[in-house]
Structure formats: structure tokens, C-alpha cells
Number of protein chains: 2
Amino acid sequence: MPQPSRATALIERSPFFQAAGPAAMADLLRPSFTQILPRGAVLFEEGDDPDFLHVVLEGRVGLQASVPDRGKTMVELFGPGELCLAAAVVLRLPYLATAVALTEIRVLMIPGEVFRDTISRSRELCQATTELLARHWRLMVDQVVDLKLRSAEDRLARFIARRVDEESGTGVVDLPEPRTAIAARLGMTPETLSRAFAELERKGKLRRGPDGATVVPDRAALIP
Amino acid sequence: MPQPSRATALIERSPFFQAAGPAAMADLLRPSFTQILPRGAVLFEEGDDPDFLHVVLEGRVGLQASVPDRGKTMVELFGPGELCLAAAVVLRLPYLATAVALTEIRVLMIPGEVFRDTISRSRELCQATTELLARHWRLMVDQVVDLKLRSAEDRLARFIARRVDEESGTGVVDLPEPRTAIAARLGMTPETLSRAFAELERKGKLRRGPDGATVVPDRAALIP
DNA sequence: CGACGTCATTGATCTGGATCAACGCAAGGG
DNA sequence: CCCTTGCGTTGATCCAGATCAATGACGTCG
């Protein structure tokens, strides 16, 4: 059995598993396992049936949607502690997007059947799921508002500011996912992303750290 | 008691109340009431606490978000049978958008406390809510993909096509909400919306009916 | 009934970001 | 060690859609 202790340590903190309660959590974890996948690996593809609920333990996963003739975009990025695509699993409906590992990742795989069974036994888990989906809905609302009302530069600034919170404290953020993925998530081309970075640096809102790391001198100045 | 029969008739069909089951439905409806509001009325405002869960019975409600200095957009439109903003009610968190009546409307008002109590008593209702939110999340994903990958004209075409389904059958769609609201929902200006309509008519994908109604000769030809 | 405010349409112009095109530079791979 | 191959950056140009401006079509109210 590959390090169940590390997996639980990471997810115990997450508000979702907190709300689900220890009993349901144990039920979910018993038949689950973790997997390590290289950058570029595909967790599942558009049209697949949702056999597993994936919980990101390390690295980043991107949810990629595509439209024939019009290319692909990144709908959402998931980091450590986040579950991707509860929606499809809950609805027992095929995924409508593809999940790709944007870095090397460690994921917890919870069998879909187990998740659905546990939901219909545990009231806490059901409510935790409801709240999780409610939060996810709000995130998508934010993204829609961003796309409709904010400029490319503002979108990038806010994206980085959110990462500062997550890694709370030091103004050093790392953006381990490829630029193309960030650009797609923010609804712009890699070229525009590159220019937005340059502009934020020029304005002193950002500095380029020693390795590739991004340094935010003043988080408040970043959010427009 | 103001026509409870008409209210139930309308919502009994909705997949949400179907899934919730008759018992939970009755619990929800007993302390609820309907209200009739004129176009332009505000159901709740950004920052308000969610005291009610609103179910649209007739007319259209728009969910409007605003960003200081950058104006407002319409995040989503809700029609008959749809519940707006389960998310805030579930999370007991202030609304992050404003709901406006885009036409004269009839809404069912379910007290937030009642909804939350019933959820924690009825497994079916909890699961129905989870599935509702999962579907809503998917709708927002669709909207994000639309905004990122499709042209203004395509977005309008798809918007109308969806209405054809809802009113299934005749190719006559009515768009009772003001053009400005549709434009905002689709992420474009009223001017661009107007030109998109003109272009679809020019291509024969749309015809202007006797009154202001929109006629779709061939739904399949509309979806790009 | 006429004045006015609101909203849709149409035309002319402007611009943010896309597209097209090099180029630099690290990481494999022979 | 050199030669790919794939990203990210930078520069030049283009275009979908925004913005600005004017006109028309209704309702509503004095």
C-alpha cells in the first residue's frame, strides 16, 4: 500500500474532507489509491465515463475543453487539495472536458462508485459536496466576470494575486505550469501573456526572481 | 393563500423538484409564497444575505455582476422552472451578484432557513441540490468556453438555438428580455448584438416574425 | 397631442488583443 | 558536441468588436 499516510496528511486540511467528517473520509480512502503521473499525462478525456474522482495531491492539473475548428482552452486549473470534476462523477455523465497533468503530479484516485455510494450513506459528505460545488460555481462566475469585464493585464494580475494568498506569506510565487496553459486559462494567447508579464514588471508590480520564480513586492498594489 | 396550485403545477415538472421527492417538496412549499414583480425589480443585491431561495415561475431573471469602473455584465439568465442562486443559499454567504427582473415575473420565495433545514433532513433534496449545482457548474463551463473560443455571431446563434429546444417544436422563439440584457449575457455590446442579428438574418438562419418574434427556419443550420 | 426618455438600429472610427513571423535558448538525442 | 525540437519572448501587422455619434421607433406622461 503506497504511503496512505502522506495522502491523508495533505487532504485532511482541505475544507471538503473536513466537512465530510472522519467516518466518510475513511470510507472514501480505504478503496482508493494514489498515482504519480508525468507532465503531459491525460487523467481522462472528453466523453469518457467518470470512473474516478481525482484529488490533486501535488502538482497542477488543467481542465481543457475543445471546440472543433476553434482550438482548445483551459477552463480551470486545479492545485494540491482540490478535487477535479466532482460534477461529472455526481451526475454519472460523461466528462465534457479533458484533464491534463501540467506538471508531474500525485493524484488520489477515488473510485466513482465508492464516492456515489458513500454520498448516499453519509449526510455530511453529501452536504460537503453540495458546498464544494457551490464554491466551484462561484469560481466560474468570477472567471466569466473577468473575461467579460477585465483586460488581459488585469486578469493576469489577479491570477498571480490569488497564488500569493495560497502560498500565503512570502511574496514569491511559483507558476509551475507552462505559460501556454496559463494563457489559455486566462483567455489570451501566449504572446499577449508574455506582454502582460513584461508590462507588470515595467510597472514594478512584479519582479523576476533568481530562478524562474515570480516575486510580488506588494500584493495590494497588484490587484487593480 | 395565493394560487398554490399554479405554482406547484409549474415546478412539479422541473427535474430538481422531481428528484427532491414529494415529501421534501411539500415541506419546502408550505412556508413559501409567490410574488409578482414588475420588470426592473431587484430580487436581491450583491452583498445581501440570502434570506430566500428564488424559483422563477414566469418571466426572466438576470444575474448581474459588477466591477468598479468597468461596468456590469449579465452572468446568467434564469427562466421558468429554474432556481437562482442555490449557491449563496447553501453556503450562507452573501450574494456576489444582483438579481434583476428582466420582464414581469412571478417568483416562488422559499425561506433560506427552511431550505437549509429541509436539506439536512431529506437525503433526496440534498442529492437533488448537488446535482442541480453540478449542472449549473457545467453551464458556466459552457459559457467560459463560448467566451474564449467563439465569435459574437456564433455565441448569439447558440443562444437562440438553446431557446428553440426549450420551447421545443415551432421554430418561433421569443426573447422577452431587453437586448441590452442579452448582449451583456453574451459578453458583447448592444451594437455588436444588433449586427450579429442582422448578419444571421442576412444568411437566412433567422427571420423576423410578425410582432417582434424571432423565427428559426432550421435549427440545425443555426448551430455552427 | 406633443415633448421627452428609453432602447434598438445603423454608420464611422478606433483599439486591444490576435495573428503572423523571427529569434533566442535551454533540453534531449544522435 | 552539434543538431534538432519545443517554449517563451519580441516585433510588425491585422481585425473583430468596442466606442463614439446620429437616427428612428415606441411608450408614457404632462
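Note that the structure is predicted; figures quoted are calculated from it, not measured. Chain naming here is simple, since letters A, B, ... match the order of the sequence lines and numbering starts at 1 in each.
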Over all strands shown, is A/Gly71 touching base, sugar-phosphate only, or nothing at heavy-atom distances under 4.0 angstrom?
nothing
Ignoring hydrogens and angles, state whether a donor on the side chain of A/Thr129 or B/Thr130 is under 3.5 Å from an acceptor on the partner side chain.
no
Of the listed C/dA8, D/dC20, C/dG17, the closest approach to the B/Thr180 side chain comes from C/dA8
Flag for A/Lys148-A/Gln143: side-chain donor and acceptor within less than 3.5 Å
no
Can you tell me how far P of D/dC15 sits from CE of B/Met188, to the nearest Å?
21 Å
What's the CG-P distance between A/Leu175 and D/dG8, to the nearest Å?
12 Å
Between A/Arg39 (CZ) and D/dC7 (P), how many Å, whole number?
8 Å
Rounded to the Å, how far apart are A/Phe197 CZ and D/dC7 P?
17 Å
Under 4.0 Å between a side-chain N or O of A/Thr192 and OP1 or OP2 of C/dA18?
yes
Report which part of the nucleic acid A/Gly187 touches: base, sugar-phosphate, or nothing (heavy-atom distance under 4.0 Å, all strands).
sugar-phosphate
Are any non-hydrogen side-chain atoms of A/Pro50 and A/Arg92 less than 4.5 angstrom apart?
no
So, does B/Arg208 get its side chain near the phosphate of C/dT9, meaning an N or O under 4.0 Å from OP1 or OP2?
yes
Nearest-angstrom distance from the residue atom CD of B/Glu199 to P of D/dG17:
11 Å
Compare the minimum distances between each of C/dA8, D/dA21, D/dT10 and the side chain of A/Ala198, then state the nucleotide with the smallest one.
D/dT10
Rounding to a whole Å, what distance do you find between B/Ile182:CD1 and C/dT9:C1'?
14 Å
What is the distance from CZ of A/Arg179 to P of D/dT10, rounded to the nearest Å?
11 Å
Counting side-chain heavy atoms from CB outward, which of D/dG8, D/dT19, C/dT19 is closest to A/Thr189?
C/dT19
Go through C/dT19, C/dT10, C/dA8 for me and flag the one nearest to the A/Glu191 side chain.
C/dT19
Would you kindly give the CG-to-P distance between A/Asp146 and C/dG16, to the nearest whole Å?
18 Å
Hey, is the side chain of A/Arg195 pairing donor to acceptor with the base of D/dG11 inside 3.5 Å?
yes
Looking only at the aromatic ring of each residue, does the gap between the centers of A/His54 and A/Phe78 stay below 6.0 angstrom?
no
Kindly indicate whether a cation-pi arrangement holds for B/Arg202 with B/Phe197, taking the cut-offs as under 6.0 Å to the six-membered ring centre and within 45° of the axis.
no
State whether A/Ser194 places a side-chain N or O below 4.0 Å from either non-bridging phosphate oxygen (OP1 or OP2) of D/dG8.
no
